[in-house]
Each structure stands twice: as structure tokens, then as C-alpha cells.
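Just so it is clear, the structure is predicted and the values come from calculations on it, not from any experiment. Below, read A as the first sequence line, B as the second, and so on, with proteins coming before strands; counting in each chain starts at 1.
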There are 2 protein chains.
Amino acid sequence: MSLRIALLGLLTVSGPASGYDLTKLFESSINNAWQARHSQIYPELNKMAADGLITVEEEGPRGRKTYAITDEGAHELRTWLIEKGPTRSYRSEGVLRAFLLPTLEPHEAAALLRAEAASYGVRLAELEAIRAAKSSWKEPGFGHYALDLGIRQTRLMQDWAEETAAEIEGSTRS
Amino acid sequence: MSLRIALLGLLTVSGPASGYDLTKLFESSINNAWQARHSQIYPELNKMAADGLITVEEEGPRGRKTYAITDEGAHELRTWLIEKGPTRSYRSEGVLRAFLLPTLEPHEAAALLRAEAASYGVRLAELEAIRAAKSSWKEPGFGHYALDLGIRQTRLMQDWAEETAAEIEGSTRS
DNA sequence: GGCTACATGTAAGTAGTTACATGATTGA
DNA sequence: TCAATCATGTAACTACTTACATGTAGCC
């Protein structure tokens, strides 16, 4: 279901696009919150067309099919966002590791956290570079709000990992 | 794979336990980072036993099977945590909604964010109650680090939703 | 002519969800 | 005896991943 909604969202902001286009858009944006490959996207688009949420607007070279969102599709997206209250389908290997931390020796746990903090630091720099590149835009475009949220979350993970590592190291001093 | 690791972690901290026990432990802890029902857990435990990661230590009434982690299982868990670098398998409907925000009218987006903020507020209170109830413990037990992380993340989501709603409302004032 | 990017698909397998199914023990 | 809880499982389906498969158009 979420994939369907994500694709409707992409079609809304990008205008008519092919499965190929949508796959690339997906990779550079929504991929940070939800994952799907072209092998899942193409069949889903066919099902969505069969369900009347999108239509093949144009057939181009190389078998290219350009899809456009229908009124029914736009309605589906809007309903999902507004009527279906705040669901929290959420899965994170990072948080799973936090649960498993006590299964390691303190020095191992601290080392793991330091490595994680470093990795979040790299990620944070990447995200901030993206924001800097987009700051010339005035309009808050697609991904603007999500990028802000992603930066906050990454910074939080980095801080948490660093502070928790320090805490563990502090309580182990001999 | 993650489910397997999660179950090995639970067995490590809880000691020998049945599928039923593990399902309940899972629900009250790791469920916040990863989801699985008993219908997935029972078959997985059987596969893990076949692979030598756990053993049936004891058979009790009502067909109860008590599993214990083996040395091989403990090794598998440790290796996964330490050698497999910081992976970020991550999926969040909350962040997906952030991406889709620009597909709504500003007043609708702001209302959605206010509703989300309220929902995160409720969640935050629940998590803080859990922390308060556990504060009498001195040892940082299972879930201690993950709970701290969860509280930070929930607060972040609440703040982000509130601030973003205010920002949208501010830029729409006539 | 050959490389790269465009473009769409299917097949096989794993992971996860929902629903169905069954039965035993405990305590009121 | 009845209800709740303990306890384990399977079946059918949906979602997702990895790998395979094929062919076209544009550019140098």
C-alpha cells in the first residue's frame, strides 16, 4: 500500500512520468523512507493502471509508457494522508542494534557506537550538501520537509551514539 | 535475517524461553524497531534450531518447547553486530508522509502535522512512563539504551511536526 | 560499430501479514 | 464448568529482493 501511495505522490509533484523516471525519482528521494526496486515498481504501476488510479497517457520509443495520475488516484492519495490517522509503521536496524547493545561487552558496545556515530556523521554531511545545493530554490520543493526531518534524525542518531558511547566508557573506567 | 538476530538477542538477555515467551518479549520491546508475529516467530525458531543456533532445552506441558541459545548462536549474533558495519535498513511511514506533504493544500498539511504532533505527544508520555517505572532499577537492563533513543526520536518527531506546521501556517497568512 | 543510458519486464525466493485451526492448563 | 491464558502451528496472501532477460535509441 505504501508503495502505491509513494508513487501517486511522485506522479503528483513530477507530472506525467514513466516507470523508469519514477524509479529514478524514487531512488533519489523517497528511498530514504521506503525502499522499492524497479522490479516491484513496474508491476505495481500496471496494477495501479488496472485499478484506475493512473493512466497510460502516452507510449513513446523503447516501449516507454508515460503515466499520469487520475482524479481517482489523487483522491486515493489525499484520503490516505488525511483520513488514515498517524500510523507509525516503522522499522529500523539502527534502533534494533540499540536493543542488542547490552548483549555485547561494554568496550565492544562503545566501539560499535563510535563507529555508528562516525557513519552518521558522513551521512549528515551528505544530507547537508544536498540542502545547500537546493537552498538557491525559493519554493519549498518536493522533499524539502523530508530533508529537514532526515537531517534532524541523522544528527539525533549521531549525538545519541556519541553520548551513549561516552556513558558506557565512563561507567567502565577502572 | 534481522528477525533471527533479534530472537538471538532476546534469548541472550532472557535466558532459555519458549516461542510464546519470546513472542511476548518481542511485543513489549523490539516491536518498537522491528515487527514480527508468532506466525513468523515459530517457524523461524524451528529453522534456527535446525541450523544449530538454538536448541530445545526442555519440553513442557501444552507442547511447550524451551529454547536456549548455543555457542554458535551467540557467535552469529556477535558477528552480525560487530563485523557487519552500520547498515541503515530503515523504513518509516512518518518520513514518507513528510515527503508527501507538498501534495496537500497548505492548510491541510498544517492540520495533518498538528495531528501528528499530538499523536507523538501521547506516545512520548507512554515512553516516559515506562522509563519512570524502570528508573528504580540501577542496572541499565535490556531496552535501556533503545528506550532512551526512542524517547529522543519521538520528541524530535513531535518538535518537527509542530515547527513545520507553524512554518507552513506562517507562510500562508494572508 | 560499440558503448552507455533508456526502458520494461519476469522468475524464484525470502520476509512478513492475516486468518484459520487446535488443543491444554489454570483459576474463579 | 467456563473463561482466560498458555502454547504451537499452518495456509494463503501480499510485499520485497535478487537475479535473469531482452531489446532500443542516442551519441561518439
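When the P atom of C:dT18 is taken as reference, atom CD of B:Q35 falls 11 Å away, rounded to whole Å. One can place CG of A:L25 at 12 Å from P of C:dC6, the figure rounded to the nearest angstrom. Atom NE2 in B:H38 sits about 14 Å away from atom P in C:dT22, given to the nearest Å. One can place CZ of B:R4 at 12 Å from C1' of C:dA15, the figure rounded to the nearest angstrom. Look at CD on B:E93: it is 12 Å from P on D:dA15, rounded to the nearest Å. For B:M48 and C:dA15, the CE to P distance is 12 Å, given to the nearest whole Å. Whole-Å rounding puts the B:D21 CG to D:dT5 C1' distance at 13 Å. B:F26 places its CZ atom 9 Å from the P atom of C:dT17, with the value rounded to the nearest Å.
At a threshold of 4.0 angstrom between heavy atoms, the contacts of B:R91 are confined to the sugar-phosphate backbone, with no base atom among them.
In this model, the phosphate group of D:dA7 is approached by a side-chain N or O of B:R64 to a distance below 4.0 Å at OP1 or OP2. Residue A:R37 places at least one side-chain N or O closer than 4.0 Å to OP1 or OP2 of D:dT18. Phosphate proximity of C:dT8 to A:Y20: absent, as no side-chain N or O sits under 4.0 Å from OP1 or OP2. Phosphate proximity of D:dA15 to A:W34: absent, as no side-chain N or O sits under 4.0 Å from OP1 or OP2. Dashed line: the shortest gap from a side-chain N or O of B:Q40 to OP1 or OP2 of C:dG16 is under 4.0 Å. For A:Y42 and C:dT8, the shortest distance from a side-chain N or O to OP1 or OP2 is below 4.0 Å.
Taking the nucleotide of DNA chain D with the nearest heavy atom to each of A:P61 and A:K47, the more 5' of the two is matched to A:K47. Along DNA chain D, the nucleotide closest to B:K65 and the one closest to B:K24 are compared, and the more 5′ of them pairs with B:K24.
To the nearest 0.5 angstrom, A:E163 atom CD is 13.5 Å from B:Y145 atom OH. In this structure, OG1 on B:T55 lies 11.0 Å from CE on B:M48, to the nearest 0.5 angstrom.
Taking 4.0 Å as the cut-off between side-chain N and carboxylate O, A:K24 and A:E27 do not count as a salt-bridged pair. A salt bridge is absent between A:D159 and B:R152: the closest approach of a Lys/Arg side-chain nitrogen to an acidic carboxylate oxygen does not fall below 4.0 angstrom.
Using a 4.5 Å heavy-atom threshold, the side chains of B:H75 and B:D71 count as separate.
A donor-acceptor contact under 3.5 Å is formed by the side chain of B:S39 with the base of C:dT18.
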